[in-house]
Amino acid sequence: MDDTRGRVTRDGIRIYEDADLEGMRAAGRIAAEILDEVGALVKPGATTGQIDDFIREAVARKGAVSATIGYKGYQHASCISVNHVVCHGIPGAKIPGRSSDVLQETDILNIDVTVIVDGWFGDSSRMYVAGTAKPFADRLIRVTHEALMRGIAAVKPGNTFGDIGHAIQSFVEANRMSVVRDFCGHGLGRVFHAPPNVLHYGRPGTGAVLEEGMFFTIEPMVNLGRPETRILSDDWTAITRDRSLSAQYEHSVGVTATGCEIFTASPAGKFFSP
Ligand code: MF3
Ligand code: CO
Ligand code: CO
């Protein structure tokens, strides 16, 4: 991928130009539209394989390309992470602890889609529920969404990446839940994963300073129990070590002169509609 636009900061973070916003808007919008559409498929009895098939077709129908198919050998158009799966759940594979990929009543799941449109990357994920969530699962989902939005609220020139992490961590821990440390957000633009690592924990005023023109994801994973994770023998699926439930929301954002633009906002206004 060509990634030669704008300039790069001392911290290795690319600063894009105003003309580049249109590309990120187009890519982010398509990722968001797909996440809007896929909600209708999530119900007890549906399989994660069916959901991924729909996403694969939706990506093509919109004239986009899947960023995940072929990425480090990954073969799917989405990651679907059910219950105690933290991230990188493989659609069509057995749900960990189960004998199939069939969703059951009260399952909570994250669906993560990344598309490439004219060379620009749009990366977003949301939580969905098969049927109705149990109250503690519903609370986890609400806290995780609010944590992401508080992180986004800290995005403006002059703030630091530590301010984003602190906004997320302090809210999550005040709710007696834990922030996963083993995965982070990332710069993106003309590439999928670029500097910086966007940590979802941290101390105010630490880390690189945010500048207009930085594009990155914020994608906190929050556990009801302990923060530690483990990768299964498929080399992808990350689960909570204590098997507690985990949730995640992800937006792709850009730093503007006064704050933040969310590239993956839901056109239908249903980013949070678990
Ligand atoms: N979309 C994920 C992220 O938020 C990355 C998925 S890589 C895959 O960065 F290969 F697992 F699909
Ligand atoms: Co991401
Ligand atoms: Co993602």
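Numbers for residues simply follow the sequence, beginning at 1.
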Side chains of [X] and [Y]: closer than 4.5 Å at any heavy-atom pair?
X	Y	value
I34	I30	yes
R14	D3	yes
L210	P157	no
Q248	C87	yes
F216	V155	yes
I13	F161	yes
R5	E17	no
I69	V59	no

Any donor-acceptor N/O pair, [X] side chain to [Y] backbone, under 3.5 Å:
X	Y	value
E173	S170	no
E105	T132	yes
R139	N175	yes
S244	G225	yes
E250	D112	no
T217	E219	no
R150	A167	no
S266	A268	yes
Y128	L35	yes
N83	I108	yes

Would you call [X] and [Y] a salt bridge, taking side-chain N to carboxylate O under 4.0 Å as the test?
X	Y	result
R61	E57	no
K62	E37	yes
D138	K134	no
K43	D107	no
K94	D101	no

Please name the pair of heavy atoms, one in [X] and one in [Y], separated by the smallest distance, quoted to 0.1 Å.
X	Y	result
I231	D235	CG2-C, 3.6 Å
G89	S81	N-OG, 3.1 Å
I80	T48	CD1-O, 3.5 Å
T264	A31	CG2-CB, 4.4 Å

Note to self: Show, in sequence, the C-alpha distance, side-chain angles and deciding distance for R181 and E228, and conclude whether the salt bridge (Lys or Arg N to Asp or Glu O under 4.0 Å) test is met.
What the structure shows: CA-CA 8 Å; R181 311 291 207 271; E228 292 82 10; over 6 Å; no
- Among pairs that include at least one residue of residues 11-34, which meet ring-ring contact (aromatic ring centres under 6.0 Å, His included), considering only residues two or more places apart or in two chains?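 Applying ring-ring contact (aromatic ring centres under 6.0 Å, His included) to every pair that reaches into residues 11-34, excluding sequence neighbours, yields Y16-W120, Y16-F215.
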Just grab all the ring-ring contact (aromatic ring centres under 6.0 Å, His included) pairs involving residues 18-70, residues at least two apart or on different chains.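 Matches after skipping sequence neighbours: none remain.
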If the condition is ring pair (Phe, Tyr, Trp, His ring centres under 6.0 Å), which residues does H193 pass it with, not counting sequence neighbours?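 H193 satisfies ring pair (Phe, Tyr, Trp, His ring centres under 6.0 Å) with Y71, H186 only.
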(request) Kindly write out the residues that satisfy ring pair (Phe, Tyr, Trp, His ring centres under 6.0 Å) with H76, not counting sequence neighbours, or none if the list is empty. (result)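 If we apply the ring pair (Phe, Tyr, Trp, His ring centres under 6.0 Å) test to H76, skipping adjacent residues, the hits are Y74.
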| query | Apart from I239 itself, what residues make up its hydrophobic cluster, given side-chain heavy atom links below 4.5 Å? | reply |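 V85, L232, listed by chain and number.
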List, by chain and number, the other hydrophobic cluster members for V8, where Ile, Leu, Val, Met, Phe, Trp and Tyr join if side-chain heavy atoms come within less than 4.5 Å, directly or indirectly.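 Joined to V8, directly or through intermediates: none.
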Under the side-chain contact (heavy atoms from CB on, under 4.5 Å) rule, collect the residues that match up with [X], sequence neighbours excluded.
X	result
P274	V129, I141, Y249, F272
I15	R7, T9, E211, M214
P267	R29, A32, E33, D36
P204	D163, H166

Consider only side-chain N and O atoms of [X] and [Y], and report whether a donor and an acceptor are under 3.5 Å apart.
X	Y	value
S252	D123	no
N223	T240	no
T237	H88	no

*asked:* Going by the rule side-chain hydrogen bond (donor to acceptor under 3.5 Å, both in side chains), which residues pair with D11 if we only count those two or more places apart in sequence or in a different chain?
replied: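 By the side-chain hydrogen bond (donor to acceptor under 3.5 Å, both in side chains) rule, D11 matches no residue at all.
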Would you say the ring centers of H145 and F271 fall short of 6.0 Å from each other?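 Under 6.0 Å, so yes.
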### Task
Give a yes or no on whether D182 atom CG has more than 12 heavy-atom contacts from other residues, nucleotides or ligands under 6.0 Å away.
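Check passes, neighbour count above 12.
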key: Criterion side-chain contact (heavy atoms from CB on, under 4.5 Å) on V82 and N110, from CA distance to verdict   = CA-CA 7 Å; V82 182; N110 175 278; over 6 Å; no
Residues which pass salt bridge (Lys or Arg N to Asp or Glu O under 4.0 Å) with R243, listed by chain and number, not counting sequence neighbours |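 With sequence neighbours excluded, R243 shows a salt bridge (Lys or Arg N to Asp or Glu O under 4.0 Å) to no residue whatsoever.
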